Peer 1: 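Before anything else, here's the structure in question.
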Amino acid sequence: MAPYEALYGRRCQSLVRSSEPREARLLGTDLVQDALDKVRIIQDRLRTAQSRQKSYVDRKVCDTAFMVGDRVLLRVSPMKGVMRFGKKGKLSPRYIRPFEIL
């Protein structure tokens, strides 16, 4: 007789199922196998998403070649809190005047 039964006169109604140790080992291996399967599925989905994003970027990126004498705009990446090229905020310039390639 289990100690709980001796004390309270009825069987324990816990959510943890009491079973044979052999069954628990099989149940544990099933849980591990299920977890490994889910990890593989997640890894495959991450690989798929990553390759999709890479294909989007590869479509947009193109090599640009400039000739001597071409004029190009210099892009400004504004630093936070630093006002170098005039205005601050939404109307701050994104590009500086055209420069000639030497």
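Each residue takes its place number in the sequence, starting with 1. Heavy atoms only: backbone and side chains are in, while hydrogens, waters and symmetry mates are out. None of the values given here were measured: they were computed from a predicted structure.
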Peer 1: If you measure from CD1 on Ile41 to CG on Leu36, what distance do you get to the nearest 0.5 Å?
Peer 2: 11.0 Å
Peer 1: Would the number of heavy atoms belonging to other residues, nucleotides or ligands and lying under 6.0 Å from CD of Gln50 be above 12?
Peer 2: no
Peer 1: Other than Val57, what residues sit in its cluster of Ile, Leu, Val, Met, Phe, Trp and Tyr side chains whose heavy atoms are under 4.5 Å apart, directly or through others?
Peer 2: Val61
Peer 1: Could you go through the side chain to side chain contact (heavy atoms under 4.5 Å, CB included) check for Phe99 and Arg97 one step at a time?
Peer 2: CA-CA 6 Å; Phe99 286 94; Arg97 68 180 192 271; 3.5 Å; yes
Peer 1: Working to the nearest 0.5 Å, report the span between CZ of Arg45 and OG1 of Thr48.
Peer 2: 9.0 Å
Peer 1: Considering non-hydrogen atoms only, spot the tightest contact between Val68 and Leu102 and give its length.
Peer 2: CG1-C, 3.7 Å
